[in-house]
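For reference, the structure discussed in these notes is given below.
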Amino acid sequence: MSGDYLWDGCGPRDSDVAALERLLRPLGQSEPPPPFVTLQRATRRVPRAAVFVMIASLAATIALVVVAWSARQPAPSGVEVTRLAGMPTIGSQPMAARGALEVGRWLETDAGAHATINLGDIGRVDVDPGTRLSLLRTRPGDMRLHLQHGTVHATILAPPGQFAVETASSTAVDLGCIYTLSVGDDGVGVVQVQLGWVGFVWRGRDAFIPAGMVDVTRPGLGPGTPRFEDTSAEFRAAIDAIDLGRGPAAVADAALDRILREARMRDVVTLWHLLARVEPRSRDRVFDRLAGFVPPPAAVTRDGIRRGQREMLDAWWDGLGLGTAQWWGIWKQQWRE
Amino acid sequence: MRLFFQVNPTAAARPRSEAVPDDVVRLVRAAQGGDRTAFAELYARYTRMVHGVLIAHAPWAEVDDLVQDVFLAAMERLPSLNEPAAFGAWVSAIARHCAVDAGRRARPTTELPGTLAAPACERGEALLVLAEIRRLPEAYRETLTLRLVEGMTGVEIAARTGLTEGSVRVNLHRGMKLLRERLSGRTS
């Protein structure tokens, strides 16, 4: 202890400092801090070549701008791939140090191969060994890959909703982040988010996964319930039991018991997702546990949550302090086929 | 938002701490090498400090968004950081530049008058006190927001900002003395 209250809050209490702390702390960073989400208003960087535009003649100026801008964008029908190790193939043909992956073609890496896909200003995707993926679309504001199996690591700088990866069991929509997505031969996918957010969506069932959380997606079931990576093995098994929905009701009840008993403040995202995923008869229990961490806003009623009312779920999400539901509602509208 | 500046933390005038934890250097080097988890850890460790620096300078309503701006810029510019040990000072400088940009973009606002009657709620009073802190000399302003708003201890402030503990202690005590005088003058 230093004995200096202003220094570290220890020692004889300074009443002025204590009063200012009490008054000002609500203005500080929230706990836990919000996830890192790239802003929608982030602008494209000016290509370096454009710096020289200012001293060139008008005709040369126009030509330089066109050439420089084209060089910064992915090819209209494909994306650039760089070989990092081994011998990746594009369309079953070994690629040179650099190649072009065009729409509809497959990029494959064997056990010794490693590649990176340059998405221009959108970001990049690193492709691990043992991966097979294809390019579905490269429309402006809508770039999409299909991951059949293997692992990719995405670092995305684009505004939310502009990049997505489809798998057999879900579509992972980038909401501005860094994440790893793996798909097994059985089509089961796992996403681990290191920074920002990923949205998983499949036939009306969605999940929102912030940094530090993991989600499993299964063919025929879609995205599971997100959970933090530091939860216990029993907690994760209980989540799986509820997501799979198999077995007698007693199994689901025991699983829910485990989750509610072990849930911490930071597991509010997990609990919020469970509100819509457990049977209506069990929703009161999740309601009470979540309310113990984050009281529901005035507009949210127990009966409305029991009946799965979307507006009330959204209002409680807004109350978690992680960003508004309106925001992901907007990208969902843009995303509907 | 575009940032066309080169931040050189070694040119800063304030004395620097030598005791930067080794794992910060390791995290920065790993992040520079493309390790995403390392950058996520840096975000987790420094976001409160960045929030506090921004609170000391930027329009209050924009601070949460500006935190994101700062880390986006840091992520993009990280390869240019030659001294990983200076990460805290480097990202603080990015935060100050972002705050300046935001201030230039902000709509003109009326400065709170010193004779404003007592606000009807605590939030209003908190913002008035924050306004007084923001009028303090720059060295005191940030240290006080990190201590009083973000709840960081002197040791934490030194470790994150790169200042020596001695400098932080001086800033805290001199800043608090000035703040007491100004708040006393406002209410008397």
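No experiment lies behind these values; they were computed from the predicted model shown. Naming convention: chains lettered A, B, ... in sequence-line order (proteins, then strands); numbering from 1 in each chain.
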> Among B:Ile55, B:Leu130, B:Val155, which residue forms the greatest number of heavy-atom pairs with chain A at distances under 4.5 Å?
Replying inline: B:Val155
>> Taking the basic N atoms (NZ, or NE/NH1/NH2) and the acidic carboxylate oxygens, is any pair closer than 4.0 Å for A:Asp14 and B:Arg180?
In response: yes
With rounding to the nearest 0.5 Å, note down the distance linking [atom1] in [X] to [atom2] in [Y].
X	Y	atom1	atom2	result
A:Leu6	B:Leu144	CG	CG	7.0 Å
A:Tyr179	B:Arg36	OH	CZ	11.0 Å
B:Leu179	A:Leu20	CG	CG	6.0 Å
A:Thr155	B:Met75	OG1	CE	7.0 Å
B:Leu127	A:Leu27	CG	CG	5.5 Å

Got [X] and [Y] here, is their nearest side-chain heavy-atom distance under 4.5 Å?
X	Y	answer
B:Ile133	A:Leu24	yes
A:Gln29	B:Met49	no
B:Glu165	A:Trp7	yes
B:Val149	A:Arg25	no
A:Leu23	B:Leu148	no
B:Glu156	A:Asp8	no

> When you look at CZ of B:Arg174, are more than 12 heavy atoms from neighbouring residues, nucleotides or ligands closer to it than 6.0 Å?
Replying inline: no
> Contact part of B:Val50 toward chain A, heavy-atom cut-off under 4.5 Å: side chain, backbone, both or neither?
Replying inline: neither
